[in-house]
Amino acid sequence: MREEAILFAGCKPEVAAFGDRIVAVGPRARAAAGKKAQVVKLHGTAWPGLIDSHIHLEGLADRKLAVDLAPAASLADVLKRVKTWSKDLPKGAWVFGNGWYNDAWPERAFPNKEQLDSAVGRRPAYLRRKDGHSAWVSTEALRIAGIDRTTADPPGGSIDRDAAGEPTGIVREMAMELVDRHLAPATEAQLDEGLAQVLDDLACLGLTAVHSMDTPRGLSALQRLRAKGPLPVRVTYNLPVADLAYAERIGIRSGWGDPWLRVWGVKAFVDGSLGSRTAEMLDGTGIARLTQAELEEIADRCAKAELNVCWHAIGDGAVRRALDALTPHRDAWRIWRPRLEHAQCVNPKDMTRMAKLGVIASMQPIHAVSDRELADREWPEVAKNAYAWRALERAGVRLAFGSDAPVETADPLQGIEAATAWRKTAKWHPELALTRASALRAYTADAAYAAGLEDDLGALRPGKLCDITVVEDGKVEATVAGGRVTFRRKRA
Ligand SMILES: [Zn+2]
């Protein structure tokens, strides 16, 4: 860490830091920084560094290791992207991709292996269709998988064949596994490189910290990156409930680590999702992924181990059961900050109770934009209280905002827009929209609180870590984490 004075000048307010901490803000900043300070000239409004409270870093890194075909508008476009993406791969490496969607191309027909070979040559290639129910593979991939004209369709799957009985290069449902199982998992070096790019991307979006929902594979990669040099974004890691027993055994507690990389909560799934119609609703529909006894046991063990909980609960039924399980643990220990992830449907009767129990609503405003039609169609009564940011705020529930990327874009400015102006322009229960100040608080001070970092992050104030997001004309101008510039927009 550089132990020197630095002045972030030209932005409003100006900020002086020494090393990685803020020493003065506003009119006093220049004097506090002194004449010898390094000066970083910026333009725009300086906000406390934006924090994403729910993100999947491994999912984002895995996308970097595959070619994204969702934006392609035609077969030729897909082939061009595949060709560009695979040209620097080592010999024999698999070409892996996602998101092609022939229903949206002018040609519509399913593509074939010869077309794919024209882009990848003799490499094995496996490209999953947008819906995940079929894959388009190259001649070499078929050869490696041992699929030829004599191969029978596996139970629950099919191999497309031409008039002569030759596989065409499309495998469906369970037949995908015949190829899938030969795909080499990403190496550590590939994962690290993908993850490093992801963290840089997040800094470009104005993020200075994230709360990740990952597995030990992601945590290991973060530690390797951290050993190589400073991270551009702070990461608070939430572990899957499957690893709770290990955390208990080694005695790890929420907050272990430092503000760059630390451990916080235990992630468990109470129910499913709106999109797959598996959200557990009070009307009895949906799927309960954990029984009440299991939830109670997890709450009990986490409270004893001084670990926090981050429970995925989307339906109003799941939210109520989660609150029931958390009720006996109110103030379980000094920094007990239970969170419900998503909390998309909260029955109004449960809102005050949620606030009294100190349960944080970790929500992703951008989900509302995608789910609005579905919610109106499937659960018209519930939709009136869905994504109820303002009602929750009024009931005293603390909101921590995030993106759920890669499910949605990680761009926090789009999230702020969704939580504020969008609800009004879309005329979707506009009374539930937040003010800009409230939305910003959910991405800064309250997001910091939701990971027990409120003493260090979430405000531009002397003594806090120097994390700043500078915004001008609706665009991120610069990002600063720990007094270090992690992104700067190029000026024309
Ligand atoms: Zn998620």
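For ligands, and for the atoms within them, numbers begin at 1 and follow the listed sequence.
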Peer 1: Can you list the protein N, O or S atoms less than 2.8 Å from the Zn ion (ligand 1)?
Peer 2: His54 NE2, His56 NE2, Asp404 OD1
Peer 1: Under a plain distance cut-off of 3.5 Å, with no hydrogens placed, do Arg339 and His211 share a side-chain donor-acceptor pair?
Peer 2: yes
Peer 1: Side-chain donor-acceptor pair under 3.5 Å between Glu341 and Ser362, yes or no?
Peer 2: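 Result is yes, a qualifying pair exists.
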Peer 1: Are side-chain N/O atoms of Asp214 and Tyr237 paired as donor and acceptor at under 3.5 Å?
Peer 2: no
Peer 1: Kindly assign one of parallel, tilted or perpendicular to the pair Trp136 and Trp100, based on the angle between their ring planes and the thresholds 30° and 60°.
Peer 2: perpendicular
Peer 1: Given the ring of Trp389, does Arg423 sit roughly above its face, with NZ or CZ under 6.0 Å from the centre of the six-membered ring and within 45° of the axis?
Peer 2: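 That pair qualifies as a cation-pi contact.
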Peer 1: Kindly assign one of parallel, tilted or perpendicular to the pair Phe401 and Tyr443, based on the angle between their ring planes and the thresholds 30° and 60°.
Peer 2: perpendicular
